[in-house]
Number of protein chains: 2
Amino acid sequence: MLKENRKKYHHGDLKVALIEAGLAELEEKGLEAVSLRSIAARVGVSHTAPKNHFDGLRGLLTAMATVGYHRHAAEMQRGVEDHPPGKARLDAACNGYLRFALENPELFKLMFTSSFHLAEDPELKQAGWASYGVLRDVAHGLDWDKANASGGPWRTEWMLWSLVHGYAMLLIDGEIRREDDGSPPFRMDEIMPDFGYRPDVAEKRPDPFQGQRRIED
Amino acid sequence: MLKENRKKYHHGDLKVALIEAGLAELEEKGLEAVSLRSIAARVGVSHTAPKNHFDGLRGLLTAMATVGYHRHAAEMQRGVEDHPPGKARLDAACNGYLRFALENPELFKLMFTSSFHLAEDPELKQAGWASYGVLRDVAHGLDWDKANASGGPWRTEWMLWSLVHGYAMLLIDGEIRREDDGSPPFRMDEIMPDFGYRPDVAEKRPDPFQGQRRIED
DNA sequence: GCCTCCATATTTCCAATGTAAATTTTTCTT
DNA sequence: AAGAAAAATTTACATTGGAAATATGGAGGC
């Protein structure tokens, strides 16, 4: 998937090996503790070997974040397909969003902290758009703000995204936590307001990405 | 305010001087680029001088984050006092939340990234609670989820906090942005749903902080 | 006023990190 | 087979956070 055209050099597929090792180090040690040298050592190459494949540490983290967005999108999509359009599908997608964030907290923080990666990287941007696109698709037709329609066509999308994202962030960082243990996993409907599904507005909104959205490159 | 009892040693008030220098460096260079050495150099002391006042870099960042929470709470409170309880007051507090985040993005990220500071620091926790308390107070009596009342007594608070916090995070990181420039500042009511104010439920909810909330120490 | 004590700050040193440059090794092309 | 190109290593360097030993200067007792 991320493999290069040429097959076997000294290492074989150092690029993907570094990404995988980086992802492992990331969740083991945390975002602030990952280092180029430890990732390289994990793969068994010298600490300057990654330079042939990535633009420094930031470049490697960018590639890792890109993989993160792909998995993020897949995790949302997982629950979506089992439900018809409407509230159930929205819940499924949001629970996927939360599930990914809580199971991959360091990767999630990496994805959404632009100072750690190269935010202008085309592949990263595309993967991010694709991930947002999943959420956007399930929000399509859901109207949260019937009573107050000002604020532009993306208002509901932004509101929904803000809600899920903020909940994920506050949970990851420990700002929101349950007192009692043995509790069930956090789910989106714990804080989700009552949405209405209005098929009559389902076709009225423009696509801000204009077909640029796709998972695979 | 944060000044110590003793007044003038070699430097005078190195502790607060370091915090102020740290806050300046933070917004100038960004969260990932601040260093103990550069902060110490800015004040004009050796790079190990901070060790007498803080537990390493993490300790200094913790003190900076604590100041950040105080300012955050003050910024929210600023708009609150001009409005009566209800939607207007809520909007004012949330706009304060957003304003602070957008004007102090690096400090905001520091506050809400536990891997950068010492999350168990008592002063930090207290300041964080105080900040949340402002938001909680304006949410008191607002009922967002009339139709669906499951999820515990903090459901509306968590929902509101998630919404504001997620919007702030996505704006700071550039995930949400306007296409056209010369645009007005982001405000919360752009994504805020229609709240209802119900004085009849205003006294029913327990205080999870039980009086621990206070701005000044 | 002098002297001791101790908080404060400095100097020195060290390991770890990211990056650059030059060099070596391996693979590909012709 | 030979030269070119790619991949990886070696060496070097500046910066960082932190530890340890040392110096400094004010506070309080006499």
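Letters A, B, ... are given to chains in the order of the sequence lines, protein chains preceding strands, and every chain is numbered from 1.
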Quiz item: Do Glu123(B) and Thr66(B) get their side chains close enough for a donor-acceptor pair, meaning under 3.5 Å?
Solution: no
Taking only the side-chain nitrogens and oxygens of [X], find out if one of them lies under 4.0 Å from OP1 or OP2 of [N].
{"X": "Lys51(A)", "N": "dT19(C)", "value": "no"}
{"X": "Ser46(B)", "N": "dA9(C)", "value": "no"}
{"X": "His47(B)", "N": "dT11(C)", "value": "no"}
{"X": "Thr48(A)", "N": "dA8(D)", "value": "no"}

May I have the distance from [X] (atom [atom1]) to [N] (atom [atom2]), rounded to whole angstrom?
{"X": "Ile39(B)", "N": "dA9(C)", "atom1": "CD1", "atom2": "P", "value": "16 Å"}
{"X": "Leu60(A)", "N": "dT19(C)", "atom1": "CG", "atom2": "C1'", "value": "15 Å"}
{"X": "Glu25(B)", "N": "dG17(D)", "atom1": "CD", "atom2": "P", "value": "11 Å"}
{"X": "Asp13(B)", "N": "dA7(C)", "atom1": "CG", "atom2": "C1'", "value": "14 Å"}

Quiz prompt | Parallel, tilted or perpendicular, as decided by the 30° and 60° cut-offs, for the rings of His165(B) and Phe108(B) | solution = tilted
Practice problem: Quick one: sort the His72(A) and Tyr97(A) rings into parallel, tilted or perpendicular, breaks at 30° and 60°. | Solution: perpendicular
Quiz prompt | 5′-ward residue of the pair Gly44(A)/Arg58(B) relative to DNA chain D | solution = Gly44(A)
Exercise. Could you check Thr62(A) against Phe54(A) for side-chain contact (heavy atoms from CB on, under 4.5 Å), going step by step and ending with a plain yes or no?
Key: CA-CA 9 Å; Thr62(A) 303; Phe54(A) 302 103; over 6 Å; no
Quiz item: Nearest of dA8(D), dT17(C), dA9(C) to any side-chain atom of His53(A)?
Solution: dA8(D)
Quiz item: Ignoring hydrogens and angles, are the base of dA6(D) and the side chain of Asn52(A) linked by a donor-acceptor pair under 3.5 Å?
Solution: no
